[in-house]
Every structure is written in C-alpha cells, then in structure tokens.
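Structure first, commentary second.
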Amino acid sequence: MKIKKYFVIGNPVQHSLSPKLHNYWLKKNSIEASYDKIKLEESQIKNFIEEIRQEKINGCNVTVPFKKTVIPFLDKLSLEAEQTQSVNTILFENGNLVGHNTDIAGFTRAIKDLNFNIMGKKVLILGAGGVVPSIIFALNKMQVSEIIVSNRTREKAENLKLNFNNLKILDWGALTEFDMIINATSLGLNKETINLNFSKVGNNKLFYDVIYNPTETNFLKEGKKLGNQIENGKSMFIYQAFEAFKLWHKIEPEINKETIETLDND
Ligand code: ATR
C-alpha cells in the first residue's frame, strides 16, 4: 500500500510542532503515513490543494497566514469553518475537498479542562489575527456574557464584527474590566512584554496565552504574580491536532503524559 502523505502548510512554518505530534501518533497507531511541514508562497496554494484532490497528498493542516486563503480552492466547508472563515484542516471526502476548523474544538476542550467556569463571564482578547475568529466562535458557544477585542491595528478588530456582531472593540493600550484575558498576539514568542498595567485587575481572573513556547510568556508570568490562574496554548494545540487526526484516520489518538512530553524536548 502507498504511504499516505500529510502536511502542515504555512509561512513561516518552521516553528510548527504539528509534525512531531502527528508522526508520534501515526507510529503509536501503526499507520503507514508521513507528516511534514512545508513553507508555501500564496501563489503555490492552489496547486498544493489540487494535489489533495488528486490524492497525491491525503490531507493538510493550515497555519498562518493561510487559514482564509485556502477557502476559494475548496468544495465544501464545515459549519465552523464557514462561520469563522477559517480552515485549519483539509481532507478529500466523497469526491469533495472539505475544509474544517478544529481550532474551535481545541480551544473549547482546553478551557473545559480548566477549573474555571466561563459561562456568563467577560472576556478580553488581545489581538485579531488568524486564530481569533475561532476563539470568538468558541466563546460564544460557551455563552460568555461579553467579548472585547483590542488590536494594534484597530481596523482588523473592527473587521471581526462583520462575522460576530456582538463584539466590543477597545483601543490598543487600554485596559478594561474582565474575568478572562487572552493573549492572541504574537507578543511573547520572543520574550516581548505587553505594555499593559495589570496591577489593578485583581486576582481571581484567568490569564490565557495562545503561545505555548515559551511555556510562560511575560504576560502569563505577570498574571501569575498577581495571583491569577494561568494557562498556555499547549492543550489547545494538542486538542486541535487530535481532532484533525480523527478526521483523517478515523482513530482517536491517545493523549497522555508521554504525548505532552513529546512536545517538550526541543
Ligand atoms: P496574522 O495577523 O497574519 O493573522 P497572527 O500571528 O495570527 O498573524 O496575528 C498576529 C497578531 O499579533 C495580530 O493581532 C498583530 O497585530 P496587528 O493586527 O496590528 O498586526 C499582533 N501583533 C504582532 N506584533 C505586535 C506588536 N509588536 N504589537 C502589538 N501587536 C502585535
């Protein structure tokens, strides 16, 4: 039998831990397949996706900045992908190229694992990039009371209102009351700090960072120092990969201590 081929596409994609996790699960489940990362230019996306239709490639994950770019080349979208205009998993199914969004399930499960009741709570999101529509969709499903978005480029936050009309927008650099704050910017990947003064926010909040490498960004360190609950994006990352694996291979891969450690030794 021919070895099946899977990829994560993005630009940059160097940092992606998806190959590590998927290859680990493929081996564990004795599935004859490979999973690699591939950096693409926007002009190469169409041809790449055609190869999935021709079943030369069996599926792919999509990361920044292509989660929306891939949509015109697909035949069908899942409801979640449609409503967020964001695709992170592609497969060829019953003659159709289908785009799914497993970031939503990833974020939802990550939050459910925490000892934090989010229903009816006020959430402040920093950033308006690729993953934010998925987070907003998930938060709405979890029935939070209010979602406020603050982004350096205000227009990008305003654009999110086209899909999510219940959003509030806050100026970049300003702070408001919240129960949960999410860093969805790339600030922290290279040890940057976010220029906000959290000293008055109290100590019963949840500080959540989408970044998981480093494990504790300055943003999370600050939240922790003030006595708040903190969580990084690692379990979201693992759960979105779990959902993609399930879509492609019809198997639920195991998530345990070893799985989590697989991602640590970099
Ligand atoms: P993309 O914007 O291409 O989807 P992303 O990594 O998903 O990429 O998002 C990056 C996020 O980090 C954006 O919200 C970005 O803000 P802008 O929309 O203003 O670019 C934010 N970000 C990156 N560097 C930043 C910085 N130095 N200060 C503030 N926000 C920053």
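The shown structure was predicted, so the numbers you read here are calculated from the model rather than taken from an experiment. Whatever order the structure lists ligands and atoms in, that order sets their numbers, starting from 1.
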Problem - Under 3.5 Å: donor-acceptor pair, side chain of N88, backbone of T63 - result: no
Ligand 1: protein N/O within less than 3.5 Å of ligand N/O:
from: ligand 1; atom 1: 2 (O); to: K156; atom 2: NZ; distance (Å): 2.8
from: ligand 1; atom 1: 4 (O); to: G130; atom 2: N; distance (Å): 2.9
from: ligand 1; atom 1: 7 (O); to: G130; atom 2: N; distance (Å): 2.9
from: ligand 1; atom 1: 12 (O); to: S186; atom 2: N; distance (Å): 3.2
from: ligand 1; atom 1: 14 (O); to: A128; atom 2: N; distance (Å): 3.0
from: ligand 1; atom 1: 14 (O); to: N151; atom 2: OD1; distance (Å): 2.7
from: ligand 1; atom 1: 16 (O); to: N151; atom 2: OD1; distance (Å): 3.3
from: ligand 1; atom 1: 18 (O); to: N151; atom 2: ND2; distance (Å): 2.8
from: ligand 1; atom 1: 18 (O); to: K156; atom 2: NZ; distance (Å): 2.8
from: ligand 1; atom 1: 19 (O); to: R152; atom 2: NE; distance (Å): 3.0
from: ligand 1; atom 1: 19 (O); to: T153; atom 2: N; distance (Å): 2.9
from: ligand 1; atom 1: 19 (O); to: T153; atom 2: OG1; distance (Å): 2.5
from: ligand 1; atom 1: 20 (O); to: R152; atom 2: NH2; distance (Å): 2.9
from: ligand 1; atom 1: 27 (N); to: R152; atom 2: NH1; distance (Å): 3.3

Fill in the blank from the handout: With sequence neighbours left out, the residues meeting ring pair (Phe, Tyr, Trp, His ring centres under 6.0 Å) with F48 are F7
Handout entry: Atom CG of N203: over 12 foreign heavy atoms under 6.0 Å
Key = yes
Problem - Close side-chain approach of F116 and Y208, heavy atoms under 4.5 Å - result: no
Exercise for the section: Could you list the residues that satisfy side-chain hydrogen bond (donor to acceptor under 3.5 Å, both in side chains) with K234, not counting sequence neighbours? Expected result: D264
Exercise for the section: Sorted by first residue and then second, give each salt bridge (Lys or Arg N to Asp or Glu O under 4.0 Å) pair with at least one member in residues 126-143; sequence neighbours left out. Expected result: none
